[in-house]
Every structure is written in structure tokens, then in C-alpha cells.
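As the structure lists them, so they are numbered: ligands from 1, and atoms in each ligand from 1.
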Amino acid sequence: MRTLIKNATAVLPGEVLRTNVLIVDDRIATVDAAEHAEADEVVSAAGMHLLPGVIDDQVHFREPGLTHKEDLQHASRACAKGGVTTFLEMPNTVPNTVTQQRLNEKLELAARKSLVNFGFYIGATPNNLDDLRTAQRTPGIKIFIGSSTGDLLVDEQEALERIFAETTLPITAHCEDEATVRANQRRWADEHNVAVHSQIRDHRAAAIATSRAVDLARRHRHRFHVLHVSTGAEVDLFADHHGLLTAEVCPHHLFFSIDDYPRLGSLIQMNPSVKTREDNQQLWQALLDGRIQVIATDHAPHTLEEKRQPYPRSPSGLPAVENSLALLLDQVNRGRCTLQQVVHWMSDAPARVWDLVDKGRIQDGYQADLVLVDMQRVAEIRNEAQQTKCGWSPWHGQSLQGWPVRTWVMGREVFRDGRFDESVRGREAIYDHARGGYWSHA
Ligand code: DOR
């Protein structure tokens, strides 16, 4: 199958160019095709921008075990609509993904159900070191240093030391200090206003755990990716990276703050919690100056019914995969960043961090995971239009300019103007961990 995307303004590594991109089967054959190159399908893309598909390296798609909140079919449709062509999913499903067998089961499930490409982390427990040492077909090891949804937690120093010392896969972690959070929970036990969530999971809890993890990574010289940084203070901890450390921020930590609790309540209850407007600004600045490299969503759906329970019974987590790219394209239109920066944060950088083979760039020979966006299109995020199974968005009612309109996964068009090709299946992401991660790439 040959598809010619004609006259698109393509965001290529290092330049933005009006060009014709030829896809042959599942690869980008050339980013500089002749206008009349032979093709089975010609896509007229004048006035549109062509980007590499988004790679979201932190999602919770709830399958198996929690499929009343989300499942791979709904979630991967949400990805296709949002321009996300590859997701890397977290291990706090039921059962937890803590062995090779559980990983293989998830991979098989996704191969059958997912419309976009996929990968799954292996979760650390205090006693699955052998599984972590030998795991294959995975981007890396996820540690909950601080508990969140589910029961995965590794808090003992000795267990953490051994994981960093004795494994070779890249490590990533949820960093909120368990002792601090528990002490704060006792202090605020009688408070049912959800805003207290940000005082329980406070700045200190984030800074203590991130600093502990960064210290482990440095001493053991182990590649480490800091998930969902929520405070400006944490950024200073890993600015001096020594080639080992990368970090990411989520849209909700860029765009929501404690000032939004009165309006949104538990819809913005997340772990780590949302912080102040000043943190929003500091995190944005850290993205702009390269101290944070990646944007991912931490898409973590719960039903509205679950969310409506009084705090602290209301669970933490919000859905975001179908709106993350649009939220950032809107920022481009507001002049806060460039399209090239967005492509770096959401496609190129996550591909490098996780050693994904031939992904994250529009380049000859790379995989044809692409998204066509209309930077002029203005539309509102509406709960009733969400593909995620939970059926709501914390950004409901917000109008954005700049939206994905067509998405290709491995050369096949999976989404076009609100419609899905349900016959498309994504593929398992391939990792080449010998590549050495983000800092070893130009
Ligand atoms: O708020 C959160 N919810 N943070 C996490 O890290 C996990 C997630 C979930 O799985 O619900």
C-alpha cells in the first residue's frame, strides 16, 4: 500500500518544510516525494501540518481487571483521535504486571484489541528482583516509591538499592514520599474537602521522594526517568543530569493548580497532586529550557460515580490521552511554544528515552506513525464526545485551537475526521536498550 501525503507542512527533525511524504506499507519511504509519485491513495494536506504520532509513555488503560473504568478498545480509540500512535502502559492493573507471564498476557491482549501501538512496563515489588532482571519485551521497570492507585509500593531502602544495583532495564518511578503522605493523612483525617489532597501529597512529599530516587540513580549509575514532576523545586534536583536522568511533566500539572479545586473538585484529584500556579509556570519554564524533556499524560480514568464519592474515598486520576496534543497545539497558537518543541516533547524525546526503534520522527525509513493536524480548527472539549470509557474530561467546556484530524498507525489510517477504522491494529513497540537512551542521541 502506497499513500502520498501531498503539500503538508511537515515537522521534520531540525526543520519545518512544505513537502510530499510517501508511505510504503508501514514505513516512511521518503519525506521528499515527487508531487506525482505513484500511490494507491493521495491525501491532499495543503494548509495542514504533519507531525510524527505522539508517544505517550505514561498511561493507565486498566486492562485486565479494572475494565469498568477503561479498556484497550476505548483507550486506543481515544489515542487515535488524540494523535497518540504509541502508548506505554503502567503495571497497576489487576493482577499487577510483575512477571514476564503477565507482560506477555498484556501484549497478547493488546495485539488483539489495540488500534494503536503499545508497550507495557514491568512493575517492581519488594521481592520480584529476578523477574526485573530477566524481563523482556518491555520499555523498563516502574517503581511506585510512594503508593498511588493499587497496591504496588517499594519503600524499603534496601529493596530499592538492590533494584538499582542489580537490574539493567531503564527505571522509572512515581515519586511521593510514603512517610510524609501518611503523616499528613493523619493530620488531615477529618477533612473532606478535596483541596486538602494537595496538602497531604504536598511539595515536601514530592521533593523528598524525587531526591531519593535521583540519588539512587546517580550512585548506581542507572538510567532513570522521573515521571510526572509536579513542583518547580524538583526540577533543580535533576538539572545536573550526568547523562542518566530524564524527566517528564503532565498537562494537568502544567494547566491546573490548587486554585481550580473549587471549580473542578475531585476531577483534578491526582497523584502527585496539582500544586500552585507558580509551579505551573516553573514546570513550563523547565520544558522550555530543556530541564524537562517529555510530556506524557498519566491518563488514569475513574468513573464519575467513583469520583463523586466524598474525599478521601474519591480515587486519584484523570483521563487525558485524547486531548493532550490539542492542549499543546493550542499553546502553540497562543505563542507560548513552537510546533517543533511540541513534537520534541511528545514524540521525539519519549522515543529516545525508551529506545524505541524507528519511532518519533518523520524521517526516511522510520515507521509511518503520523498525525495530520489543523492548526486553524477551533473546537470545544465535550464530555459527551470523549472516547475514553469513563466518558468525561477535566477540560470539558474548554475551547482549543489546533486539533488532530487524521492519524496513521504503521501506515494505516486509523482515524479521520471523527471516524475510526476499527480493523486497524497497532503493533508491539520494539526497544533497543543498547542505544543508551535520550542523552546518547543527537
Ligand atoms: O492519580 C493517579 N492515578 N496517579 C497515579 O500514579 C496512578 C493513577 C491511577 O492508576 O489511577
Side-chain angles (χ1 to χ4, degrees), residues 56-72 74-75 78 87-98 106 120-121 123-124 141-155 171-178 181 185 194-198 200-202 205-206 209-210 213 225-231 234 247-256 258 260-261 264-275 294 296-307 309 311-321 324 388-390 392-394:
D56 192 331
D57 79 6
Q58 191 189 179
V59 302
H60 302 265
F61 283 173
R62 309 300 194 202
E63 194 163 345
L66 298 164
T67 49
H68 67 287
K69 298 173 193 279
E70 185 68 287
D71 59 33
L72 287 166
H74 286 84
F87 66 81
L88 303 179
E89 208 252 4
M90 288 296 162
N92 59 335
T93 42
V94 180
N96 291 320
T97 320
V98 294
K106 267 194 176 176
F120 298 96
Y121 295 92
I141 297 166
K142 163 74 183 282
I143 315 178
F144 282 87
I145 305 177
S147 52
S148 186
T149 301
D151 58 3
L152 283 175
L153 173 67
V154 184
D155 194 32
I171 295 177
T172 189
H174 179 117
C175 300
E176 285 184 293
D177 183 57
E178 193 66 11
V181 170
Q185 272 167 341
V194 66
V196 80
H197 191 67
S198 291
I200 291 172
R201 292 178 177 264
D202 63 1
T210 298
H225 181 67
V226 189
L227 295 172
H228 46 39
V229 178
S230 65
T231 69
E234 282 165 282
E248 85 188 27
V249 65
C250 302
H252 51 274
H253 290 129
L254 291 170
F255 302 131
F256 291 133
I258 51 174
D260 294 304
Y261 278 123
L264 293 165
S266 66
L267 298 186
I268 56 163
Q269 179 191 329
M270 280 295 294
N271 303 334
S273 64
V274 297
K275 305 295 191 306
V294 172
T297 62
D298 195 6
H299 178 93
H302 300 282
T303 66
L304 273 180
E305 203 182 350
E306 291 167 330
K307 278 292 204 180
Q309 297 170 99
Y311 187 82
R313 272 196 283 141
S314 48
S316 296
L318 56 80
V321 283
S324 56
T388 171
K389 195 168 183 183
C390 71
W392 60 275
S393 165

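A donor and an acceptor atom, one from each side chain of H225 and E248, are located under 3.5 Å apart. Using modelled atom types, one finds a donor on one side chain and an acceptor on the other under 3.5 Å when comparing H197 with N271. In this structure, a donor-acceptor pair under 3.5 Å is absent between the side chains of T149 and N92.
Proximity of R62 to ligand 1 is established by a heavy-atom distance of less than 4.0 Å. Ligand 1 has at least one atom lying under 4.0 Å from a heavy atom of H302.
With atom 11 (O) of ligand 1 as the reference point, the heavy atom nearest to it among T93, V59, T149, L318 is part of T149.
Under the 4.5 Å side-chain criterion, counting only non-hydrogen atoms from C-beta, Q58 is not in contact with V294. Within the 4.5 Å cutoff, the side chain of R62 has heavy atoms near those of the H302 side chain.
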Side chain to side chain donor-acceptor pair (under 3.5 Å) assessment of S230 paired with K275: CA-CA 7 Å; S230 65; K275 305 295 191 306; 2.8 Å; yes
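Here the protein heavy atom with the shortest distance to atom 6 (O) of ligand 1 is H174 ND1, 3.1 Å. The nearest heavy-atom contact from the protein to atom 3 (N) of ligand 1 is S316 O, 2.9 Å. Among all protein heavy atoms, the one lying closest to atom 5 (C) of ligand 1 is S148 OG, 3.0 Å.
Checked by atom type and distance alone, the side chain of T303 pairs as donor or acceptor with a backbone atom of E306 at under 3.5 Å. No side-chain donor-acceptor contact under 3.5 Å links E63 to the backbone of K106.
Taking distance alone, with nitrogen or oxygen atoms compared against 3.5 Å, Q58 stays at or beyond that limit from ligand 1. Geometrically, ligand 1 and N271 share a nitrogen or oxygen pair separated by less than 3.5 Å.
At a heavy-atom cutoff of 4.0 Å, ligand 1 is contacted by no atom of E176, backbone or side chain. Contacts between M270 and ligand 1, counted as non-hydrogen atom pairs separated by less than 4.0 Å, involve both the backbone and the side chain. With a heavy-atom cut-off of 4.0 Å, A300 touches ligand 1 through its side chain alone.
When each atom of ligand 1 is checked for a heavy atom of G317 under 4.0 Å away, the hits are 1 (O), 3 (N).
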